[in-house]
Amino acid sequence: MRIILLGPPGSGKGTQGDLIAKAYGFPRISTGDLLRKAVQEGTPLGRDAAAEMNRGGLVPDSIVLTLVRERIFEPDCRDGYILDGFPRTIAQAEAIEALDPSRPEIVIAIDVPEEELVRRMEGRRACVRCGMVYNLEVRKPGREGVCDGCGSALIQRPDDRPEVVRERLKVYAEKTEPLIAYYSEKKTLRRVDGSIDIETTFGYVRAALDAVVKGARGAGART
Ligand code: AMP
């Protein structure tokens, strides 16, 4: 099974992806996390990606595809995987189909109005060490500025600064939103309301996934 989470930055793909991972047992693969790790480790690939990420633009397909190709064939992805933040362009969507063509696919698009997205990203904080994500309004850490999980400092991601957020939303509208029509045509798209609380949204996600995941497992297909 390939579960694709589609939605603008700040729509809750990471949060819903973690809940899906826990409920269905598939790993969540976030290309943003893979890229940030490469940047932090100072790999050649990370160095090539950093400037574009800080500007809020898209990293070239060749770089992202290298990371995805390495990750989706690891043993824990055998039964399925969740893609968070990938594909972000039609070319990337075609690339993943070519790379791993035999998997059943479902796409969950999370809808959130733009003003809510801006508010969420401005309040978003991430742990410098473990990457755990908080929100100053809806998902506060126990102690201000400190990660509940590992006790390290919480920071605002450089690309969550207001001017970069505006650029990321523009890039989403231009390059990623066309994927809604693309997957709608393929009849693999389900849309859920992501503007409400996390648990209610997850209820909709579950309703969309249950039939498809069970169907794929029941048919004995390579899920
Ligand atoms: P995210 O954590 O998903 O918001 O990603 C953070 C940044 O990483 C994005 O603003 C892009 O610069 C880059 N990025 C993540 N995924 C992709 C992708 N599939 N294609 C191109 N760039 C990406």
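Note that the structure is a prediction, hence the values are computed from the model and not measured. Order of listing sets the numbers, starting from 1, for every ligand and every atom in it. Basis for what follows: all heavy atoms, side chains included, without hydrogens, waters or symmetry-related copies.
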Does any donor atom in the side chain of Arg2 or Tyr81 lie under 3.5 Å from an acceptor atom in the other side chain?
yes
Heavy-atom nearest neighbour of atom 1 (P) of ligand 1 within options Arg55, Arg88, Glu52, Met121:
Arg88
Applying a heavy-atom cut-off of 4.0 Å, say which part of Gln92 lies close to ligand 1: side chain, backbone, both or neither.
side chain
Hey, which atoms in ligand 1 end up nearer than 4.0 Å to a heavy atom of Thr31?
15 (C), 16 (N), 17 (C), 19 (N)
Interatomic spacing from CD in Glu94 to OH in Tyr182 - rounded to 0.5 Å:
4.5 Å
Would you mind running through ligand 1 and noting each atom that sits below 4.0 Å from a heavy atom of Val64?
18 (C), 19 (N), 20 (N), 21 (C)
Cationic N near anionic O, under 4.0 Å, Glu52 to Arg55:
yes
Atom 6 (C) of ligand 1: which protein heavy atom is closest, and how many Å away?
Arg36 NH1, 3.5 Å
Using a strict cut-off of 4.0 Å, indicate which atoms of ligand 1 neighbour a heavy atom of Arg157.
1 (P), 2 (O), 4 (O), 6 (C)
Quick look: Asp61 vs ligand 1, heavy-atom contacts under 4.0 Å, and the answer is neither
Looking at ligand 1, would Lys13 count as a contact under a 4.0 Å heavy-atom criterion?
no
Residue pair Met121 / Arg168, side-chain heavy-atom distance below 4.5 Å:
yes
If we only count heavy atoms from C-beta on, is the Leu179 to Pro87 side-chain gap below 4.5 Å?
yes
Are Asp160 and Arg125 ion-paired here, with the side-chain N under 4.0 Å from a carboxylate O?
no
Under 4.0 Å between heavy atoms, the region of Val59 that gets near ligand 1 turns out to be both
Run the numbers for me: atoms of ligand 1, each under 4.0 Å from some heavy atom of Leu35, listed by number.
8 (O), 13 (C), 14 (N), 15 (C), 23 (C)
Short list, please: which atoms of ligand 1 are under 4.0 Å from a heavy atom of Asp159?
6 (C)
Which protein heavy atom lies closest to atom 8 (O) of ligand 1, and at what distance to 0.1 Å?
Met53 CE, 3.5 Å
Looking only at protein heavy atoms, which one is nearest to atom 4 (O) of ligand 1, and how far off is it?
Arg168 NH2, 3.0 Å
Find out whether Leu209 and Val205 are in side-chain contact, i.e. whether some heavy atom of one side chain is under 4.5 Å from a heavy atom of the other.
yes
Would you mind finding which of Gly57, Gly32, Ala50 brings a heavy atom closest to atom 11 (C) of ligand 1?
Gly57
So do the side chains of Ile180 and Leu6 get within less than 4.5 Å of each other, counting heavy atoms only?
yes
I'd like to know if the side chain of Arg161 reaches the main chain of Pro158, judged simply by a donor and an acceptor atom lying under 3.5 Å from each other, with no hydrogens or angles considered.
yes
